[in-house]
There are 2 protein chains.
Amino acid sequence: MTQPSTTEIPPPEGLERLLGSPLVAEIEFLTARARALGSARANALLAPLDLKIRSYAVLSLACSGAAPSQRELAEFLLLDPSQIVALVDGLEQRGLVKRETDPQDRRSKVIKGTAKGRRLLAQAAAATQQAEDQAMGNLTATERAQLRDLLRRIAF
Amino acid sequence: MTQPSTTEIPPPEGLERLLGSPLVAEIEFLTARARALGSARANALLAPLDLKIRSYAVLSLACSGAAPSQRELAEFLLLDPSQIVALVDGLEQRGLVKRETDPQDRRSKVIKGTAKGRRLLAQAAAATQQAEDQAMGNLTATERAQLRDLLRRIAF
DNA sequence: CTTAATAGTTGAAGATGTCAATAGTTTTAT
DNA sequence: ATAAAACTATTGACATCTTCAACTATTAAG
């Protein structure tokens with residue numbers, strides 16, 4: 001019982017043979033695998049709150065005080081505007097966020113978290129924090145900071 | 001013309017407001033965004049060769065000399081076995097890989113790259129290398145190595 | 001030798017991704 | 001001022017990806 005392992009993801013056993021493949025040296029492959037593992041974990045931990053990483057991301061940005069428009073959410077999350085519609089619809093129906101037409105530009109709608117949304121976000125953030133701890137369990141604090149910085153520089 | 005930018009992905013402008021959000025500090029979000037940008041770039045560069053990152057990964061492992069079975073490919077690439085079937089079907093029909101029933105265990109089929117497959121892989125690897133250079137353009141050689149190592153440690 | 005487990009395959013159902021078209025609004029050009 | 005062009009959110013269609021439950025052939029366990 002070395003790991004609490006709320007979410008079980010089988011580590012590759014007997015695949016050491018493949019670890020030497022040139023593919024494993026490619027950033028593209030490594031980010032894809034890290035993301036697959038990470039999102040599976042995070043989704044599992046968010047499931048009890050009826051959230052997925054997507055809806056969590058929207059909720060988080062909505063509650064951040066930045067008051068993003070849907071267009072901005074789409075650009076920032078690299079999603080199609082139509083997907084943002086669906087995500088905001090879901091959150092709004094649950095009373096977690098609200099749409100406000102921007103008085104400056106009545107075409108765009110600004111998304112803001114409600115009090116209920118902020119309460120749920122607090123729990124959700126704890127869940128993703130836990131997922132992150134699981135993911136980076138092998139890394140020291142400085143290594144985590146390094147990884148964060150390097151990722152930030154290739155993610156924007 | 002600071003970037004050749006074969007693939008155009010709009011950088012977030014005017015979204016500095018969102019960069020301060022707590023979400024941006026989360027590894028989960030950063031890997032998701034890095035992976036979205038990276039796979040879009042890689043897919044665009046692989047498109048002329050009629051490959052996607054998925055089929056490229058299978059081709060690469062098939063040509064690596066490791067002679068993986070389909071089950072091993074599924075586990076290593078974190079894909080459902082049925083998806084491996086489809087991927088190998090596509091590559092096999094193009095004469096890029098072949099299935100060989102393992103004499104040790106006639107249930108499992110070992111995937112090996114053909115000469116034609118290895119030729120295409122050479123071009124494909126150049127393409128993903130180019131994608132990687134685009135992705136990590138801002139990083140020094142040591143930073144790239146650091147990122148690779150850190151990713152490897154959270155990706156397995 | 002019977003039973004249970006495994007590898008590959010097929011097909012279905014749901015989720016995601018991509019794209020075109022539309023209505024309402026703002027910006028630009030005339 | 002008016003007309004044309006551009007932009008935001010929305011809807012709906014369609015392809016792709018994901019997930020899962022069967023099924024066959026083969027191997028392993030009891």
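Every chain is numbered from 1 and lettered A, B, ... according to where its sequence line falls, protein lines coming before strand lines. Being a predicted model, the structure only gives us computed values, none of them experimental.
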Are OP1 or OP2 of [N] and a side-chain N or O of [X] less than 4.0 angstrom apart?
{"X": "B:Q83", "N": "D:dT18", "value": "yes"}
{"X": "A:K109", "N": "D:dT10", "value": "yes"}
{"X": "B:R99", "N": "C:dT9", "value": "yes"}
{"X": "B:R106", "N": "D:dT27", "value": "yes"}

NA contact type, A:S108, heavy-atom cut-off 4.0 Å: base, sugar-phosphate, or nothing? sugar-phosphate
From the set D:dC20, D:dT11, C:dT16, return the single nucleotide nearest to any side-chain atom of B:S82. D:dC20
Taking all non-hydrogen atoms of both residues into account, name the closest pair between A:L73 and A:P68 and its distance. CD2-CG, 3.6 Å
Compare every heavy atom of B:R94 with every heavy atom of B:L51, then report the nearest pair and how far apart it is. CD2-NH1, 3.9 Å
Result for 5'-nearest mapping on DNA chain C, choosing between A:R54 and B:Q70, is B:Q70
Where do B:D133 and B:R41 land on the salt bridge (charged side-chain N to carboxylate O under 4.0 Å, His left out) test, with the steps shown first? CA-CA 11 Å; B:D133 288 345; B:R41 261 189 292 249; over 6 Å; no
Of A:R107 and A:D80, the one whose closest DNA chain D nucleotide lies more 5': A:R107
Taking A:E92 as the fixed residue, which of A:K112, A:K116, A:R99 is the one that meets the salt bridge (charged side-chain N to carboxylate O under 4.0 Å, His left out) rule? A:R99
